[in-house]
There are 2 protein chains.
Amino acid sequence: MTSAPRPASPRAARTRGVPEATVARLPVYLRALSALADEGVSTVSSEELATAAGVNSAKLRKDLSYLGSYGTRGVGYDVGYLVYQVSRELGLSQDWPVIIVGLGHLGHALANYGGFVSRGFAIRALVDADPDLVGVEVAGLEVRPIGELEQLVARHGIAIGVIATPATVAQEVCDRLVSAGVSSILNFAPTVLAVPEEVEVRKVDLSIELQILAFHEQRKVGAAHVTRELVEALPGRAAVSS
Amino acid sequence: MTSAPRPASPRAARTRGVPEATVARLPVYLRALSALADEGVSTVSSEELATAAGVNSAKLRKDLSYLGSYGTRGVGYDVGYLVYQVSRELGLSQDWPVIIVGLGHLGHALANYGGFVSRGFAIRALVDADPDLVGVEVAGLEVRPIGELEQLVARHGIAIGVIATPATVAQEVCDRLVSAGVSSILNFAPTVLAVPEEVEVRKVDLSIELQILAFHEQRKVGAAHVTRELVEALPGRAAVSS
DNA sequence: TAGATTGTTAATCGATTAACAATC
DNA sequence: TAGATTGTTAATCGATTAACAATC
């Protein structure tokens, strides 16, 4: 590495990377934009779009500014154009081939989930270790034996794997997916997966989400208690304003 | 309890609040701790537990320090005691009654998901708008008509609602849950829900997770391109170290 | 030109991390 | 006491937000 051809400023910004927090919100913006497009809305202000997406407008504008300057001052954003730009940034211009491993209740639900198929993804293979499930048709696709995992990944050029197996076999499945060439994994099994650092793992953990809710719920329920305890701990104090 | 209502330092810390990022990791620690307990491990260092949970040890210690000082310097943490403390902090000492609205593929999967039931939660009611589903038994519970939502919430003292309906009706379902007294909602429908600020909503959005993966996948695929472009843009340069 | 709204700056806030004193 | 490991400090990093100059 020597002198370095310094790239132009906006390119540099993109190269330096869109912040993770922003990336996580782009799909939300995209959904809101698609809804607006379906309603026939052609122009939207950052204020309106932010409301639809459930964020504040400063955050929205900052997020969009990482992609480029796609708005018009005094006017707003062209809905169709922004749909295109956000889709492109997210890599949804092409269809990503997906494999689902594990066709239990959850895998079954995922295979049938419209949102997967609708935009940017195509489920190309379903595999399961249970012989009773092999051969069954789910969402128009035949469930194949887990032994075919590698060849299915290769044949369909699959880059994204969805793990919907029991936790006990998730790491093994993950290892096989990775060595077959899958480099992005969506994990529904309640386990921490170990992967090489170039592999991206996202985790969806239903019981974790519930436990986070329980924490907040407890706080609400507890609030009355705590207040009462504090009041009782104050000798000669009649009440505390709430 | 006499004069000094001034809470001791750790209590004060707890009152000031556990950071959200920490709360989100506590369930992960709890799972790792439970696994260790099942293996008969009685003591664990922050280094070991951090590895099991997939975080670094400094973060783990900082997180645990918000709950109190439950470790022993030079020794580590007692697994059983820490399970108890983390569970208590998360509000899992009691069982939270849960209602699931929408018994399609996903709702069905959720009702049967072991992780929900296992610790701290009890699914008490299932409702659906589809007359064909009403009366069907799912996970040992009879699906009731959506019209009974309010009375089921009241009867079972339900505080946590899971929305697994189509996006089109999610807001309406949410409104009904909230006015029935539910104050924590786990939303699987791909919509932004509007709720009063005292209501906590968590969102699980399968297609958003996939889209985030697509973004990173695109970067990897694109990386070769970008590198090549840069190299070609450098006259007289042979190669760039990767 | 006047009004509207973006894109960006800079201040603030919260989360992460390395390092190490405290202490078992 | 010596070795080990926690709990905490402080530095750093990244994300959020209000405010406003740029500009349509």
Side-chain angles (χ1 to χ4, degrees), chain A residues 8-26 28-29 32-33 36 41-79 81-82 85-86 89 212 215, chain B residues 8-14 16-26 28-29 32-33 36 41-79 81-82 85-86 89 212 215-216:
Chain A
S9 161
R11 164 62 85 97
R14 196 164 333 137
T15 303
R16 214 166 291 138
V18 180
E20 265 306 306
T22 296
V23 172
R25 282 187 294 266
L26 291 180
V28 181
Y29 302 155
L33 284 164
L36 288 169
V41 177
S42 64
T43 301
V44 69
S45 70
S46 62
E47 198 64 57
E48 294 164 326
L49 183 53
T51 301
V55 302
N56 76 42
S57 65
K59 190 187 278 181
L60 173 80
R61 288 197 302 278
K62 189 114 232 281
D63 284 340
L64 293 182
S65 76
Y66 290 112
L67 315 193
S69 295
Y70 299 137
T72 306
R73 289 167 203 240
V75 178
Y77 300 89
D78 181 275
V79 172
Y81 185 55
L82 201 51
Q85 290 296 349
V86 174
E89 187 72 30
I212 295 171
F215 172 85
Chain B
S9 159
R11 164 63 84 98
R14 195 164 332 136
R16 214 166 293 138
V18 180
E20 265 306 305
T22 297
V23 172
R25 283 187 294 266
L26 290 179
V28 181
Y29 302 155
L33 285 165
L36 289 169
V41 176
S42 64
T43 301
V44 68
S45 70
S46 63
E47 198 63 57
E48 294 164 325
L49 182 54
T51 301
V55 301
N56 76 43
S57 65
K59 191 186 279 181
L60 174 79
R61 288 197 301 280
K62 188 116 233 281
D63 283 341
L64 293 182
S65 77
Y66 290 112
L67 315 193
S69 295
Y70 299 137
T72 307
R73 289 166 203 241
V75 178
Y77 299 89
D78 181 275
V79 172
Y81 185 55
L82 201 50
Q85 290 296 349
V86 174
E89 187 72 29
I212 295 171
F215 172 85
H216 293 291

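Chain identifiers are assigned alphabetically (A, B, ...) following the order of the sequence lines, protein sequences preceding nucleic acid strands; residue numbering begins at 1 within each chain.
- Separating the OH atom of B/Y70 from the C1' atom of C/dC24 is a distance of 19 Å, rounded to the nearest angstrom.
- Between A/A50 and A/N56 the shortest heavy-atom distance is CB-C, 3.7 Å.
- Atom OH of B/Y66 is separated from atom P of D/dT8 by 11 Å (rounded to the nearest Å).
- Rounded to an integer number of Å, the gap from B/Y81 OH to D/dT6 P is 16 Å.
- We find the OH-OG distance between B/Y77 and B/S42 to be 15.5 Å, quoted to the nearest 0.5 Å.
- Atom OG of residue A/S45 and atom CZ of residue A/R61 lie 9.0 Å apart, to the nearest 0.5 angstrom.
- Summarising the base pairing, C/dC20 is matched to D/dG7 through a Watson-Crick or G-U wobble pair whose two defining distances lie under 3.5 Å.
- Atom-to-atom distance recorded for A/L64:CG and A/K62:NZ is 11.5 Å, nearest 0.5 angstrom.
- To the nearest angstrom, P of D/dT5 lies 15 Å from CG of B/D78.
- If you check distances only, the side chain of A/R73 never reaches the base of C/dT5 with a donor-acceptor pair under 3.5 Å.
- To the nearest 0.5 angstrom, B/Q85 atom CD is 7.5 Å from B/L67 atom CG.
- Close to D/dA4, at under 4.0 Å from its OP1 or OP2, lies no side-chain N or O of B/Y77.
- Taking atom CG of B/L67 as the reference point, atom P of D/dG7 lies 10 Å away to the nearest angstrom.
- For the segment residues 45-62 of chain B, residues with any heavy atom less than 4.0 angstrom from an atom of DNA chain D are, sorted by number, B/S45, B/S46, B/R61, B/K62.
- Across all strands shown, C/dC13 forms a Watson-Crick or G-U wobble pair with D/dG14, both key distances being under 3.5 Å.
- Contact check for A/Y29 versus A/L26: side-chain heavy atoms found under the 4.5 Å cut-off.
- How far CG of A/L33 is from OH of A/Y81: 13.5 Å, rounded to the nearest 0.5 Å.
- In this structure, B/D63 places its CG atom 11 Å from P of C/dT17, rounding to the nearest Å.
- The interatomic distance linking B/E20 (CD) with D/dT16 (P) rounds to 13 Å, in whole Å.
- The CG atom of A/L64 sits 11 Å away from the P atom of C/dT8 (whole-angstrom rounding).
- In terms of position along DNA chain D, the nucleotide closest to B/T72 lies nearer the 5' end than the nucleotide closest to the other residue of the pair B/T72 and A/V75.
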